There are 2 protein chains.
Amino acid sequence: MTTTREKLLDVAADLFYTQGFQSVGIDQIYGQVGITKTAFYKHFESKDDLIIAVLNRRDQRELEEWGNYIRIRGRDDSRRQLSAFFELLEEWFSKPDFRGCFFLNALTEFPNENDPINRAACAHGEHLASMMLRFAAAAGADDPAALTQQLMLLITGAISSRHRTGDLGAAKTATRVAHVLIETHCGRAALTAR
Amino acid sequence: MTTTREKLLDVAADLFYTQGFQSVGIDQIYGQVGITKTAFYKHFESKDDLIIAVLNRRDQRELEEWGNYIRIRGRDDSRRQLSAFFELLEEWFSKPDFRGCFFLNALTEFPNENDPINRAACAHGEHLASMMLRFAAAAGADDPAALTQQLMLLITGAISSRHRTGDLGAAKTATRVAHVLIETHCGRAALTAR
DNA sequence: GCTGGTGGTGTACCGCAAGTCAACCTGCGG
DNA sequence: CCGCAGGTTGACTTGCGGTACACCACCAGC
């Protein structure tokens, strides 16, 4: 049994992702769930409140999913774990309903840094980066923080490129570059990041 | 003497960039210029029309600026020209009013591919890529299209990273990776992209 | 000297979305 | 039997995008 609140979050997440946050009216959301406006406002204080809840829930779930995927695909090899991030991108990009990164999108729709929505969206990137940092450290990178920065840049770039051009090959492009970086930073005679 | 239309475009470009397209009302725009709503609608058919005009003008100007910068900084050395793209990023990122890429932002605020705003925003990326492609070809890259794809991915990633984390070092990170790629693709014994 | 285009003004109005308010209904556990 | 969570209806306010209509001032050309 899914509660009404859960249903609202599901519908909202879907609409927000496909159409953007600002262009979706709450009437579409509560209408699709089958309740009235007043009922909606018993679950969420405001549209912003709903957006933040959607963002936080998706942050948690996505982090879990990514973590599981990487542990499974990466086996016990830390370097494979790092490159698993990019295999995941490939799968993601091939989905027809791909519309970029939910959190990156939120960030550009709410550019004010003091906006709680902006903060919630930023948090996801930080969570993902700190997860990657652990893998990079485990892989014996000479400078795990630098490697994480570079790989995160590649991931962000791949997502934005795929989003902009619709090019499915963006993941492969990023993967190739990532392998070079991983080899360089985790090689036996690892070079400095300069 | 700047025409009213030009003033409207200037004010709109500024507000849209700093606050986003949807969250800026046209009343702010015509108010700041000092005309009334009716007068505004004698210059532009709609808000969408204004947005497209702003986008197109900025596309032209930015392309010109980038082209000039690269020709000056790159001198006659094609490889230097390619890496000048990244030097430009560094300068751009250090500006306090940096808010990401205007066109990438437009794209996420108007995700519908049939939306003329979306098309106008996409166009900029294509223009930039085709400019880069010419430089890549001139630099004697083994596969100019592939190199362009990779460098564009890096640029996009750097912009988004800087936007998300506020990290000024994103440009340097991208530059380092770019140099590796340029060397690999333009080396005397150039390897294939695979 | 009248005509027309350009670039304005003011006011009133429509439709839609966010959000509020008040009054009322219903099922369920303590 | 009470209270509360979750729901309903309907009327209302505010703000924004956009329209309609009537009017004004200036400058250029035949």
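A, B, ... follow the sequence lines: proteins, then strands. Residue 1 opens every chain. Owing to the predicted nature of the structure, the values given are computational and were not obtained by experimental measurement. The analysis underlying the following values was restricted to heavy atoms, covering all of them including side chains, and did not include hydrogens, waters or symmetry mates.
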In terms of side-chain heavy atoms, does A:H185 have a donor or acceptor partner in A:D143 at a distance below 3.5 Å? no
Tell me, for nucleotides 18-30 of chain C in 5' to 3' order, what letter each nucleotide earns: B for a base near a protein heavy atom under 4.0 Å, S for only sugar-phosphate near one, - for neither? BBBBB--------
Verify whether the ring centers belonging to A:F21 and A:F102 lie closer than 6.0 Å. yes
Taking any atom closer than 4.0 angstrom to a non-hydrogen atom of chain B, what span of DNA chain D does the protein reach, first nucleotide to last? D:dC16 to D:dC21
Connected-component partners of B:L133 among ILVMFWY, side-chain separation under 4.5 Å: none
Are more than 12 heavy atoms, taken from residues, nucleotides or ligands other than B:D76, located less than 6.0 Å from that residue's CG atom? no
Between the main-chain N or O of B:R99 and the side-chain N or O of B:Y17, is there a donor-acceptor pair closer than 3.5 Å? yes
Between B:W66 and B:W92, what is the ring plane arrangement, given parallel below 30°, perpendicular above 60°, and tilted in between? perpendicular
Parallel, tilted or perpendicular: which describes the rings of A:F98 and A:H163, with under 30° parallel and over 60° perpendicular? perpendicular
